[in-house]
Protein chains: 4
Amino acid sequence: MGAGRPGYDEKLLEILRAAAAVFAEKGYHRASIRDISRATGISLSGLYYYVRSKEELLFLIQDHCFGTVLDNVERLLAGETDPVRRFRLFVENHVRFFVNNMREMKVLSHEADSLTGEYRRRVQAKKKRYTDLCMSILEELRPPDTGIDLRVATFALFGMLNWIYNWYRPGRDVPVAELADGFSRLFLQGCLSPASGVAEAMPVEPAPSIWRR
Amino acid sequence: MGAGRPGYDEKLLEILRAAAAVFAEKGYHRASIRDISRATGISLSGLYYYVRSKEELLFLIQDHCFGTVLDNVERLLAGETDPVRRFRLFVENHVRFFVNNMREMKVLSHEADSLTGEYRRRVQAKKKRYTDLCMSILEELRPPDTGIDLRVATFALFGMLNWIYNWYRPGRDVPVAELADGFSRLFLQGCLSPASGVAEAMPVEPAPSIWRR
Amino acid sequence: MGAGRPGYDEKLLEILRAAAAVFAEKGYHRASIRDISRATGISLSGLYYYVRSKEELLFLIQDHCFGTVLDNVERLLAGETDPVRRFRLFVENHVRFFVNNMREMKVLSHEADSLTGEYRRRVQAKKKRYTDLCMSILEELRPPDTGIDLRVATFALFGMLNWIYNWYRPGRDVPVAELADGFSRLFLQGCLSPASGVAEAMPVEPAPSIWRR
Amino acid sequence: MGAGRPGYDEKLLEILRAAAAVFAEKGYHRASIRDISRATGISLSGLYYYVRSKEELLFLIQDHCFGTVLDNVERLLAGETDPVRRFRLFVENHVRFFVNNMREMKVLSHEADSLTGEYRRRVQAKKKRYTDLCMSILEELRPPDTGIDLRVATFALFGMLNWIYNWYRPGRDVPVAELADGFSRLFLQGCLSPASGVAEAMPVEPAPSIWRR
DNA sequence: AATGAATGAGGGTTCATTCAT
DNA sequence: CATGAATGAACCCTCATTCAT
């Protein structure tokens, strides 16, 4: 409560922030607790006062990220009923958080499988809630005759959005607003435009293993 | 090509295949050379006859994957000049390889940053060639007034395509042809349809850090 | 002795009791001060108000145990001069304390070597006093011609008595009185009976190392 | 088979021997793998080529010890049917092994509870076989009217025998043959002599907790 | 062409202990 | 009196890699 010394929670948040940066930089498994000790200035064993294990560190980051994104999108969508506007809000919330917290979001996307047991279950529950929300928005949106599978459309959208950390460089690429705008228009037009003859099917060959001789 | 005993190259390919499976399963850093030794039946030290280091193993996999995909797409596009058909061929080649070699492609997508030095440079060169090819196809395709940034569009497409390994389950989801078709139509219509008023901009708020209190 | 709040000494005794239980359960070295903190409900650092170190904790337990047993046996033997009765009293005191304080006595027997320096010296001094007392009792008792070495007899007795914690389960095995009685008779008859021819020596072979091939 | 370089098994035995010495000296939990590395001259990680874990090291020692003692006593008793001679052989085998392998036997006695899971189960199985054998020998031996409980007698014997490592110093104490002889006579006479009036019961007081004030 | 044996470096984690408050 | 926060040292163990054979 005091403005002065940081409390337990503030210190934990600081650790999580630093850990997220380290995990984003080197990947969860390559990162060592010693790296995080260095990044925070807290001694190796001191970290264990705040956190039970390295895995809990990852869990807390992922849980906090998903929690924030979920809370925010649910607050944003609260009064809105127009499907298109709901879609726009969803995309913009996602993109904004991604760009403003790229390191954390990279950890979220990249280390989805690095958790185990109860930790994994809890994060996946939040992830499912988020995915279901997205799918329900798309469902209201979609005209019945587009011929694009809902699941395919949903994950196409997530793919677009989550790939950001692989290429987007703030300052050099288009600003966030434009990015969200671009994604939204691309996806909306892609789903809502009448199917043009321009995209008729082409023969798909067998596609052998990469390792064939 | 050899008749009787498998030659050096065949054995190497076998190792790469097994290693790709192990890397896909556990991730590059968590996987140990011992895991690969177990998976191949070759002794720990025996592997070093075929491969200089664990990193070279990853390099060979990524290089081989990119090489194959690149070779194939270049062969496919060889005679084709129609922009839309070129686009379709590109997407279909990518999707087919992804679905038919999901483990390897996961390693390709997921462990992009795990290589260092010369290895990294060589893989990134191939990756750039592939990205440039895709961008040039999109450039021919794009009508000038869509208002979607080319780089954004390109990576939106790659995001859609590369995210596959995170959700697609062969047998349970739509078949490959339909998948490629869905992606193509979504993207083409998204880029080529006249900008509808449906997607006008919305105010984007500042989006604070995930860690704010 | 104080009425209301428990005093320093009472709290210390409580700590020692809890610590003895923990040490008996997990062994001195495997037990952690945190275990004792948990067992007492006193905070980790709070324990250090009562005790200088983990080793002092062990020392206090051992010293208190030996002190009590010694005091008691000396009080019991005070007026008694008959050798056999003195022996019986010694054994019964020992057995009773063992069975009624098995956890503590296990720590006493098992962690004899875990103390160092001054702590060790002080406990060993008490142990020697106790051993000497036992030996002197046996000496008065022993008929000169039995042919059993006094030191051997003494430690045979201690072995019998101290091994209790390895097998005795109160409630399931014979009651304490019977236990003490059994030990006493076994040992007394063993020492005092005229040597029967029944136990003539047998050839003892060299007995090589366990590890020979 | 070759006389020259030591094979895998010989090296393992050497490690076990050294580890037994270290465990006997410092106790299992206080001993570190580094201590064993130092004692053997094998690098820390090198030890893990021979042994899966520190616990396996303890298991192998205990299993080997019990195995050897069991094998030997069973071979010794093979042709013998006279109860008294069987008893003598049992005691002598036990004592001889104890004195000739004091370090190992101390580990056997002292670290009985340090194993867990399957390791523990397997050692306890051998221990039970050994205890049962002893008990069956005593049963044949015991005259029906002595009034000493069989279980008490058995563990009194084991106590005497297993306590050796706490006091016996080869060279300074009586030689092994005499030691075994002393134990045998003490126990045999103790069990077989007619109950003398000398050891009539005495009142056993309640014996409060060590910690009472 | 292949392996058994070995190692240095580093991994995550626990520990007894301290000290300002 | 009692504690929350912090630490250095040590723990067991795994790793990629080497080298004589």
Side-chain angles (χ1 to χ4, degrees), chain A residues 5-8 11-12 15 28-37 40-58, chain B residues 5-8 11-12 28-37 40-58, chain C residues 5-8 11-12 28-37 40-58, chain D residues 5-8 11-12 28-37 40-57:
Chain A
R5 288 170 301 98
Y8 174 93
K11 205 133 194 186
L12 176 56
I15 291 172
Y28 172 69
H29 287 107
R30 244 185 112 237
S32 80
I33 293 274
R34 277 161 177 90
D35 290 330
I36 292 160
S37 159
T40 53
I42 299 177
S43 78
L44 189 54
S45 43
L47 289 173
Y48 283 84
Y49 181 75
Y50 294 93
V51 143
R52 222 182 292 279
S53 68
K54 188 187 175 188
E55 194 178 8
E56 186 176 278
L57 216 42
L58 179 57
Chain B
R5 293 169 300 108
Y8 175 92
K11 208 134 192 187
L12 176 55
Y28 171 69
H29 287 106
R30 251 186 103 234
S32 77
I33 293 273
R34 267 165 174 89
D35 291 329
I36 292 159
S37 158
T40 53
I42 298 176
S43 81
L44 195 53
S45 36
L47 289 173
Y48 283 83
Y49 176 74
Y50 294 95
V51 143
R52 219 180 298 277
S53 69
K54 189 186 175 189
E55 194 178 8
E56 185 177 276
L57 215 42
L58 179 58
Chain C
R5 292 170 301 105
Y8 175 93
K11 207 133 192 186
L12 176 56
Y28 171 70
H29 287 106
R30 252 186 104 236
S32 77
I33 294 272
R34 266 165 175 89
D35 291 329
I36 292 158
S37 158
T40 53
I42 299 176
S43 81
L44 195 54
S45 36
L47 289 173
Y48 282 84
Y49 176 74
Y50 294 95
V51 143
R52 217 181 300 278
S53 70
K54 188 185 173 189
E55 193 178 9
E56 185 177 275
L57 215 42
L58 179 58
Chain D
R5 289 171 301 101
Y8 174 95
K11 205 131 193 190
L12 176 56
Y28 172 69
H29 287 108
R30 244 184 111 239
S32 80
I33 293 275
R34 273 161 177 90
D35 291 330
I36 292 159
S37 159
T40 53
I42 298 177
S43 79
L44 187 55
S45 43
L47 289 173
Y48 283 85
Y49 181 75
Y50 293 94
V51 144
R52 221 181 294 277
S53 68
K54 187 185 175 190
E55 193 178 8
E56 186 176 278
L57 215 42

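So you know, we letter chains A, B, ... as the sequences are listed, proteins then strands, and number each from 1.
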Gap between atoms OH and C1', on C:Y49 and E:dA20 respectively (whole Å)
17 Å
When rounded to the nearest 0.5 angstrom, what is the spacing between CD1 in C:I36 and CG in C:L44?
10.0 Å
Interatomic distance where CG belongs to C:L12 and C1' belongs to F:dC1 [whole Å]:
14 Å
Rounding to 0.5 Å, atoms CG (C:L47) and CZ (C:R34) come to a distance of 11.0 Å
Distance check needed: E:dT7 P versus D:I42 CD1, whole Å only.
7 Å
Need one value for B:Y48: base, sugar-phosphate or nothing, where a base atom within 4.0 Å counts as base even if backbone is also close, heavy atoms only.
base
Counting just side-chain N and O atoms, does C:K11 come under 4.0 Å of either OP1 or OP2 of F:dA2?
yes
Using heavy atoms to find the nearest nucleotide of DNA chain F for B:H29 and D:H29 separately, return the residue whose nucleotide is more 5′.
D:H29
D:Y8 OH - E:dT3 C1' separation (whole Å):
15 Å
For residues B:Y50 and B:L57, determine if any side-chain heavy atom of one lies less than 4.5 Å from a side-chain heavy atom of the other.
no
Residue closer to the 5' end of DNA chain E, A:S32 versus D:G46 (nearest nucleotide)
D:G46
Check: D:K54 side chain, D:A31 main-chain N or O, donor-acceptor pair, under 3.5 Å:
yes
Whichever of C:L47 and A:G41 has the more 5' nearest nucleotide on DNA chain F, that residue is C:L47
With sugar-phosphate meaning primed atoms plus P, OP1 and OP2, does C:S45 contact a base, only sugar-phosphate, or nothing at under 4.0 Å between heavy atoms?
base
Range-with-range stems of DNA chain E (Watson-Crick or G-U pairs under 3.5 Å, three or more in a row)
E:2-21 with F:2-21
Is the shortest side-chain N/O distance from C:Y50 to OP1 or OP2 of F:dC1 below 4.0 Å?
no
Choose from E:dA2, E:dT3, E:dT13 the nucleotide whose nearest atom is closest to any side-chain atom of B:S43.
E:dT3
B:L58 side, atom CG; B:H29 side, atom NE2 - distance, nearest 0.5 Å
8.0 Å
Listed nucleotide nearest any side-chain atom of D:K54, set E:dA16, F:dT17, F:dC12
F:dC12
For a quick check of understanding: with a heavy-atom distance under 4.0 Å over all strands, which category does B:L44 fall into, base, sugar-phosphate or nothing?
base
Distance in angstrom units between B:D35 CG and F:dT14 C1', rounded:
11 Å
Can you check the D:Y28 OH to F:dC11 P distance for me, whole Å?
14 Å
Between the base of E:dG10 and the side chain of A:R34, is there any donor-acceptor pair under 3.5 Å?
no
What's the separation between atom CD1 in A:I42 and atom OG in A:S37, rounded to the nearest 0.5 Å?
8.0 Å
Given atom CD1 of C:I33 and atom C1' of E:dT18, what is their separation to the nearest angstrom?
13 Å
Main-chain N/O of A:I15 paired to A:T40 side chain as donor or acceptor, under 3.5 Å
no
Rounded to whole angstrom units, what separation is found between the CZ atom of B:R30 and the P atom of F:dA16?
12 Å
Would the distance check show the side chain of B:Y28 and the main-chain N or O of B:E55 forming a donor-acceptor pair, the cut-off being under 3.5 Å?
yes
